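Here's the structure we're looking at; comments come further down.
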Amino acid sequence: MRSVTYSMNVSLDGYITGPDGGFDWTMPDKEVFRFWIDEIREVGVHLLGRRLYETMLYWETADQNSSLDDAELEWAALWNPLPKVVFSTTLSAVQGNARLACGGLAEEIERLRAEPGEGDIAIGGATLAAEAAASGLIDEYRTMVYPVLIGGGTPFFPRNERRVDLELVETRTFNSKVVYLRHRVAR
């Protein structure tokens, strides 16, 4: 069965965006960006909330930007054909290889798990991930922890949630002092 993974950059104090909604502190260096390129190769479909979808729209035409380096072009070449499902109550249309979700998150994940297919079901966006976590649908949490305290913003983990026991599966420290932590939900 396909695993559901939740991966995001996170500050040491647990936020994916700062109090002002900014995430400029998450700019990856070449080594971290290469890691994300390798990670996206393992994804079969990506589920996104509206805000993350709109942030990632940049990549739909980024390959036309002559200033991109080889790694950025490689990311765009992997990201653009990747099937995406966007959960939004305000969007009426989406671009590229994306479609609007036609049902609830749990139903969509059940349907995707039942379909033949390779790769993980990745979830992006804190609100969408919080809904998946509340329903016990996340199999792995993958955090790229940046050595910065931002003091508030959008939390990576939902607040007031039930206890979830995790098993550490993998760690990696990058030259930039960013630390990758991969935890599997203990079932």
Side-chain angles (χ1 to χ4, degrees), residues 4-11 14-102 105 108-109 112 117 119-132 138 140-148 150 152-156 172 174-176 178-180 182:
V4 176
T5 63
Y6 173 36
S7 285
M8 296 285 288
N9 295 324
V10 62
S11 64
Y15 298 97
I16 61 171
T17 63
D20 62 354
F23 52 92
D24 57 328
W25 49 271
T26 67
M27 295 305 293
D29 64 9
K30 289 182 181 199
E31 183 185 25
V32 171
F33 193 68
R34 169 58 48 200
F35 180 86
W36 284 121
I37 290 171
D38 292 341
E39 282 285 298
I40 202 69
R41 292 180 195 284
E42 305 300 317
V43 174
V45 61
H46 209 294
L47 311 181
L48 302 100
R50 180 194 52 82
R51 284 185 297 255
L52 183 58
Y53 165 74
E54 289 175 341
T55 299
M56 296 303 286
L57 274 177
Y58 165 80
W59 293 103
E60 290 296 323
T61 57
D63 59 351
Q64 299 167 16
N65 182 342
S66 62
S67 69
L68 292 186
D69 65 24
D70 289 342
E72 291 166 320
L73 289 170
E74 185 178 357
W75 171 267
L78 292 166
W79 178 258
N80 287 339
L82 181 67
K84 298 165 203 73
V85 181
V86 181
F87 291 81
S88 173
T89 58
T90 58
L91 295 175
S92 59
V94 290
Q95 300 175 30
N97 198 20
R99 67 174 173 82
L100 284 169
C102 52
L105 180 60
E108 189 70 43
I109 289 173
L112 290 168
D120 294 332
I121 300 168
I123 293 181
T127 303
L128 195 61
E131 182 181 340
I138 296 178
E140 287 190 7
Y141 292 88
R142 300 175 181 182
T143 54
M144 190 69 76
V145 183
Y146 280 73
V148 60
I150 58 175
T154 304
F156 177 86
R172 179 173 173 187
F174 295 88
N175 291 328
S176 59
V178 171
V179 176
Y180 172 72
R182 179 177 162 209

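This is a predicted model, so every value here is computed, not measured.
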Quick check: closest heavy atoms across [X] and [Y], and the distance to 0.1 Å?
| X | Y | value |
| --- | --- | --- |
| G124 | M8 | CA-SD, 4.3 Å |
| I123 | H46 | C-CE1, 4.0 Å |
| V43 | A122 | CG1-CB, 3.8 Å |
| P147 | V178 | CD-CG2, 4.2 Å |
| V32 | D29 | N-OD1, 2.8 Å |
| A76 | D63 | CB-CB, 4.4 Å |

[atom1]/[X] to [atom2]/[Y] distance, rounded to the nearest 0.5 angstrom?
| X | Y | atom1 | atom2 | answer |
| --- | --- | --- | --- | --- |
| W36 | N9 | CH2 | CG | 5.5 Å |
| D120 | R41 | CG | CZ | 14.5 Å |
| K30 | N175 | NZ | CG | 13.5 Å |
| R51 | T90 | CZ | OG1 | 9.5 Å |
| R142 | T5 | CZ | OG1 | 4.5 Å |
| L52 | T17 | CG | OG1 | 11.0 Å |

Exercise for the section: Give a yes or no on whether Y141 atom OH has more than 12 heavy-atom contacts from other residues, nucleotides or ligands under 6.0 Å away. Expected result: yes

Exercise for the section: Kindly check if the number of other-residue, nucleotide or ligand heavy atoms within 6.0 Å of CG (D70) is above 12? Expected result: no

Practice task
Show the numbers, then the answer: is there a side chain to side chain contact (heavy atoms under 4.5 Å, CB included) between T154 and F23?
Solution key: CA-CA 10 Å; T154 304; F23 52 92; over 6 Å; no

Any side-chain heavy-atom pair from [X] and [Y] closer than 4.5 angstrom?
| X | Y | result |
| --- | --- | --- |
| F87 | E131 | no |
| N65 | Y58 | yes |
| S11 | W25 | yes |
| R99 | V85 | yes |

Keeping [X] on the side-chain end and [Y] on the backbone end, is there a donor-acceptor pair under 3.5 Å?
| X | Y | answer |
| --- | --- | --- |
| K84 | Q95 | no |
| N80 | W59 | yes |
| Y146 | T26 | yes |

Practice task
Check step by step if side chain to side chain contact (heavy atoms under 4.5 Å, CB included) holds for L91 and E54.
Solution key: CA-CA 10 Å; L91 295 175; E54 289 175 341; 3.7 Å; yes

Handout entry: Evaluation steps, side chain to side chain contact (heavy atoms under 4.5 Å, CB included), between R172 and M144
Key = CA-CA 9 Å; R172 179 173 173 187; M144 190 69 76; over 6 Å; no

Problem - From CA spacing to verdict: side chain to side chain contact (heavy atoms under 4.5 Å, CB included), I109, L47 - result: CA-CA 9 Å; I109 289 173; L47 311 181; 3.8 Å; yes

Practice task
May I ask you to decide if the ring planes of W75 and F33 are parallel, tilted or perpendicular, using 30° and 60° as cut-offs?
Solution key: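 Ring orientation, 0 to 90° scale: tilted.
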
